[in-house]
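Here is the structure we will look at, set down as structure tokens.
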Amino acid sequence: MKLALLAIALLATPAGARAGAGGAGPVLVGGGDYRAVTGGPNEPVRHVDPFLLDALPVTNEAFLTFARENPSWRRDQVPRLLADPGYLAAWADAQTPGAGAPPRAPVVGVSWFAARAYCAAQGGRLPTEAEWEIAAAATPTARDGRRDAHWRQTILDWYARPNPAVLRDVGLGPRNFWGAADLHGLVWEWVADFAASIVTEKDGRFCGAGASNAPDPLDYPAFLRAALRSSLEARTTTPNLGFRCAYPAGGSR
Amino acid sequence: MRRDIPGRAPAGSLLLVLSCAAITATAGCRRGRTPEPDAVLTPTDAPAVPPPVSDRRPRRDVVQLEVQEKVMSLANGVQYTFWTFGGHVPGKFIRIAEGDTVEVHLKNHPGNKLPHNIDLHAVTGPGGGAASSFVAPGQESQFTFKALNPGLYVYHCATPPVGMHVANGMYGMILVEPKGGLPPVDREYYLMQGDFYTVGAHGAPGLQSFDEEKAVAEKPTYVVFNGAEGALTDEHALTARVGETVRLFVGNGGPNLTSSFHVIGEIFDRVYSGGGTTIQENVQTTSIPPGGAAIVEFKVEVPGTYALVDHALFRAFNKGALGQLKVLGPDAPGIYSGPQEPRPLTEVIRRWFGAPNAPATPVAPAPPPSAIASAGEPTRFPHGQETYRMICAACHQSGGQGVPHVFPPLAGSDFLKADKARAVAIVLNGLTGPVTVNGETYRSQMPPQRQLSDQQVADVLSYVRTAFGNHLDPIGAAEVAAARAVAGPVVVAGTP
């Protein structure tokens, strides 16, 4: 009941009044219930309270500032235990993103440890998988577009394009219902509990049976994200994996 | 007795030592020390097959596969982002012996977007290696299995959503030869059928996306052999010589459609059904399910071009499931005569037309195919040639010679020569006969080709008018645009 009231309240709020809509700062994402696409029959429904989420992925220039203030996260100083050798590999050197990593493009090649440290330094944290998925379920006009076949195909089209040599700037994708952009179609993003979506051979959901208990077996983008997350270790970096931060709603940064 | 695989990579064991050392640092060798391998395998891209393992004792092999997501051609003018084992569809062909122990290294190229893995149907163990080989972009995984069962096995990616990974081309085959090896043959080839699902319709140009809805509905836009239309036709056709025995390792990646594999004009002398050990003899068409395989063998006795098809024929005719085997060598008239003295049904023709002047004498026989310029020859109009190959050649034949009594020739056609504007109109609007070409009357119907652009019509006509020994002037797109305004089927009852 409480949730329903909240949802109504959010829906009644004019778009322009939502926190940070249209800007680069955090936007308010209404909560909801989330069940992982890879969840088994006993997978609990996770309840998510409203939270703030960066409207855009973290950029190279922002991460450069962070690395300057926290030299232990520089490419030439980070311990191998906390980031594999692909860490910030697209940067020209430890202090210069360079032509391969434009200032306003999303930072990639960061480990989960590094992403977490960055968010902590901003007074935030990485979003949970449930939070990220709820934010990413929104289309430009609806808070949950997961069953919108056209929207799903728009997301899938990303996989039909090879990775560009240089990523584009953040913020050029359409704003979604919450005012966030580039959750799809630019880079993968870390979540705090990336290992929660682990799919293993032991539970029989790894392969063909992967969809047998899924809330929506047609949500292919969700399967792709779950698979990507479960292939990662906390020190892993890849050339298309970035992140954005979350903050408590009503809290201060 | 052969002790090693010909063509093995030089310094193979050194390679392994280095990679294991590197992996130890990342906890990859977590199952303990890996024994020294006897050989590093050199798997091949289709349609090539590694040499036979012959009669040797089991040994320890290393195979390295790299997953590459890359844009390649799916059909003429159509690109697709394929996910591949080794940069091609199908993936590399691996050949080992029963009892071998195989160390599989799976690299995921750092430029890839997605995690991948491999499920080899030759593996005895959970997931066929899937979970053990699961690997993020920029990483490498490793596992080892012992090949207990001989046979021809499919391998594929098994990362969710599995169907999408397979639909994007992530499959290949591994052959486990039985003890003593397969009997020797003259030629071995590797091919796999696969169905593809693009957002655009069949033939829609440009970079095409995977269409989830069509995939779930199992309605492919393409069904092809070896990952692309034309991968096994014309200059890419398989070849053999008369008297040779051909062995095809045929797999089906699917993900959805069962192949009714057939070679038009041949009978499979032997089929290892399912890729297993039971041999079925004298088979016309063999069923190959997705994730399944068959070994087919046949001796080629008669020269000519043999079409490899999925006998669910709309797939061959409209979706690309067509390959070719070209057999060269002396004619074998005792086995197959070829056409014997075509005889016009003079009396029938007279009655049909009620015309006393219908040809009463046999028409000049069509020139032998060797005398006709083939559709593969250099031309000033390569786009027209491609359109001709895709649309026109089915009836008018690749050399423009037509089919006697059925489809009129374009090579040396007096009908074509007589009226340029009429030719344009026929391509646009179709033609309902009868027409007389080079003295012979044809009653077939030609469907309109209005889906072609003005430029495409101009190109294909220009090609036809300058190929096959024709020396007519080409046609411009403006002429076609003008003609397109004229609607309705052309009824041409007459002569040049």
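Chain letters run A, B, ... following the sequence lines, proteins first and then strands; every chain starts at 1. As the structure is a prediction and not an experimental result, all values here were calculated from the model. Heavy atoms only: backbone and side chains are in, while hydrogens, waters and symmetry mates are out.
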Applying side chain to side chain contact (heavy atoms under 4.5 Å, CB included) between B:Trp83 and each of B:Val67, B:Asn112, B:Leu114, report the one that passes.
->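 Among B:Val67, B:Asn112, B:Leu114, the one that satisfies the side chain to side chain contact (heavy atoms under 4.5 Å, CB included) with B:Trp83 is B:Leu114.
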Can you tell me which portion of [X] sits under 4.5 Å from chain B's heavy atoms? Options are side chain, backbone, both or neither.
| X | value |
| --- | --- |
| A:Arg152 | side chain |
| A:Asn240 | side chain |
| A:Trp188 | side chain |
| A:Leu228 | both |

Mark yes or no for whether [X], through its side chain, and [Y], through its backbone, hold a donor-acceptor pair below 3.5 Å.
| X | Y | value |
| --- | --- | --- |
| A:Arg229 | A:Val191 | no |
| B:Asn256 | B:Ala215 | yes |
| B:Asn226 | B:Ala231 | no |
| B:Asn108 | B:Gln139 | no |
| A:His184 | A:Ala136 | yes |

Apply the test salt bridge (Lys or Arg N to Asp or Glu O under 4.0 Å) to residues A:Arg46 and A:Glu133: give CA-CA distance (whole Å), side-chain angles for both, the deciding distance (0.1 Å), then the verdict.
-> CA-CA 11 Å; A:Arg46 286 182 249 173; A:Glu133 289 290 335; over 6 Å; no
Residue part contacting chain A, namely of [X], when any heavy atom lies under 4.5 Å:
| X | answer |
| --- | --- |
| B:Gln79 | neither |
| B:Val135 | backbone |
| B:His165 | side chain |
| B:Asp211 | both |
| B:Glu69 | neither |

With side chains defined as the heavy atoms from C-beta onward, is the minimum distance between B:Cys157 and B:Val166 less than 4.5 Å?
->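 Counting from C-beta outward, B:Cys157 and B:Val166 never come under 4.5 Å.
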For chain B, find which of A:Asp84, A:Leu241, A:Leu224, A:Thr238 contributes the most heavy-atom pairs closer than 4.5 angstrom.
->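 Heavy-atom pairs under 4.5 Å are most numerous for A:Leu224.
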When heavy-atom pairs shorter than 4.5 Å are enumerated against chain A, which of B:Ala136, B:Gly111, B:Gly138 gives the highest number?
->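 If we count pairs closer than 4.5 Å to chain A, B:Ala136 comes out on top.
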